[in-house]
Amino acid sequence: MTTLITNIQELLQIRDAAITKVSGSEMALLPSIKNAFLLIENDIIADFGLMENCPKINADITIDATGKVVLPTWCDSHTHIVYAGNRIQEFVDRINGLTYEEIANRGGGILNSAKKLNETSEEELYNQSKLRLEEVMRQGTGAVEIKSGYGLTVDGEIKMLRVIKKLSENYPIKIKATFLGAHAFPSEYKENHSGYIDLIINEMLPKIAQENLADYIDAFCETGYFSVEETERIMEAGKKHGLIAKIHVNQFNAINGIAACVKHNALSVDHLEVVTDEDIEILKNSETMPVALPSCSYFISIPYTPARRMIEAGLPLALATDFNPGTTPSGNMNFVVATACIKMKMTPEEAINAATINGAYAMGISGTHGSITKGKKANVIISKEVTSFYQLPYCFGSDLIECVLIDGKIVE
Ligand SMILES: N=CN[C@@H](CCC(=O)O)C(=O)O
Ligand SMILES: [Zn+2]
């Protein structure tokens with residue numbers, strides 16, 4: 001099937017296949033063509049260019065994009081979309097003055113979600129999660145990473161990963177699965193950390209590897225959760241099963257976790273609301289992608305990742321949602337891009353690079369996703385009529401997406 005998009009006001013993020021991520025001052029550049037066409041053959045980008053060079057063919061579908069911008073779909077490299085129930089009561093508790101830490105110390109937080117998940121059947125968990133996946137696809141996300149981490153038991157973690165696998169089989173959106181057994185210590189292991197880590201390493205990981213349920217491994221490296229040494233044990237064990245690390249780190253405290261992640265060649269380090277100059281120096285000499293999650297900062301009122309300091313130091317930066325029931329009950333990448341511009345002072349060009357090509361890199365898929373490149377997946381957002389692409393983050397609360405194509409097909 002051939003789809004031809006014509007008269008595109010501006011086609012954004014056109015890249016050579018060799019570009020896998022952009023860093024530092026390169027992030028300010030968003031290559032584009034004004035008055036462009038885009039040709040799609042089945043699920044692949046076949047050609048693009050100036051309208052004057054548009055092929056004269058009878059395409060199966062022709063979309064006139066006069067006054068509209070076209071860009072690659074969002075690559076959301078950090079989510080917890082598979083969960084049971086919600087944590088609305090904790091939201092109200094926080095409004096009434098409790099902190100995230102205080103709620104967690106009372107048995108709320110991650111353990112609250114784990115209790116609900118273990119009481120929920122696999123089928124019900126799938127049904128709840130698919131609604132969120134469908135919503136983010138309509139909001140322009142074409143590739144997503146989904147973590148486990150609300151099971152914290154062998155059965156619960158496997159159940160979550162099976163649901164992620166089933167979602168990836170049933171939906172066209174590209175899904176990467178991350179095993180996050182090391183999300184929190186279950187209460188029965190509160191005083192026996194090594195016992196729980198042994199369970200992860202000796203019981204969970206071999207089963208997950210045997211069923212091929214995960215691409216990556218994660219841990220919550222944070223005071224009160226997994227220490228740097230414990231996180232290193234998890235990363236080493238994952239590596240033995242071929243799982244590369246993507247680590248939650250520096251959300252509340254800088255505890256030298258980033259150095260450990262870089263030492264273990266982590267693909268990404270995520271959160272980074274608190275970043276030291278030493279952390280930045282370490283990241284400069286690495287292939288590890290820093291990932292910021294501004295809607296988490298917004299929702300639980302914690303600092304935003306210091307994007308300007310990091311980009312000015314020459315680092316790359318990716319943006320993701322962190323969609324989860326506790327700290328970010330939203331998977332809307334449009335809001336993430338707008339918030340990065342408004343609160344982190346990223347330019348629209350930087351934010352779009354961070355949410356597309358750099359997000360793809362943080363999922364290991366920049367060879368197929370994240371830019372308008374011949375041979376890559378035909379995953380594109382077509383906007384409504386806009387004055388320019390700056391209108392997308394400027395009108396931060398508006399829905400400016402007219403339609404989304406994933407694998408060359410319109411998302412209904
Ligand atoms: N910080 C760790 N994990 C999640 C939140 C988990 C939760 O509160 O359910 C996050 O990325 O924000
Ligand atoms: Zn997270």
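We're numbering straight along the sequence, starting at 1. Both counts, for ligands and for their atoms, begin at 1 and track the order of listing. In what follows, every heavy atom counts, from backbone to side chain, and hydrogens, waters and symmetry copies are set aside.
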Minimum-distance protein heavy atom relative to atom 1 (N) of ligand 1: Gln251 OE1, 2.7 Å
Nearest neighbour in protein (non-hydrogen) for atom 8 (O) of ligand 1: Tyr100 OH, 2.5 Å
Residue His80, metal the Zn ion (ligand 2), N/O/S under 2.8 Å: yes
For atom 2 (C) of ligand 1, the option (of His183, His80, His78, Lys147) bearing the nearest heavy atom: His183
Heavy-atom side-chain proximity of Ile81 to Val144 below 4.5 angstrom: yes
In a table with atom names and distances, give each donor-acceptor pair under 3.5 Å that connects a side chain of residues 196-203 to protein atoms at least two apart or in another chain.
from	atom 1	to	atom 2	distance (Å)
Tyr196	OH	Gly181	O	2.7
Asp198	OD1	Arg233	NH2	2.9
Asn202	ND2	Asp198	O	3.3

Non-hydrogen atom of Glu222 closer than 4.0 Å to ligand 1: no
Pick from Phe323, Phe252, Tyr150: the one approaching atom 6 (C) of ligand 1 most closely through a non-hydrogen atom: Tyr150
Arg132 charged N/C atom sitting above Tyr83 aromatic ring, 6.0 Å / 45°: yes
Angle, NE2 of His78 through the Zn ion (ligand 2) to NE2 of His248 - 10° precision: 90°
Pair His183 + Tyr150: ring centers closer than 6.0 Å: yes
Within the 6.0 Å centroid threshold, strictly below: Tyr298 and Tyr304: no
Mutual orientation of the aromatic rings belonging to His78 and His271 [parallel < 30°, tilted 30-60°, perpendicular > 60°]: perpendicular
The Zn ion (ligand 2) - name of the N/O/S atom of Asp322 that sits closest to it: OD1
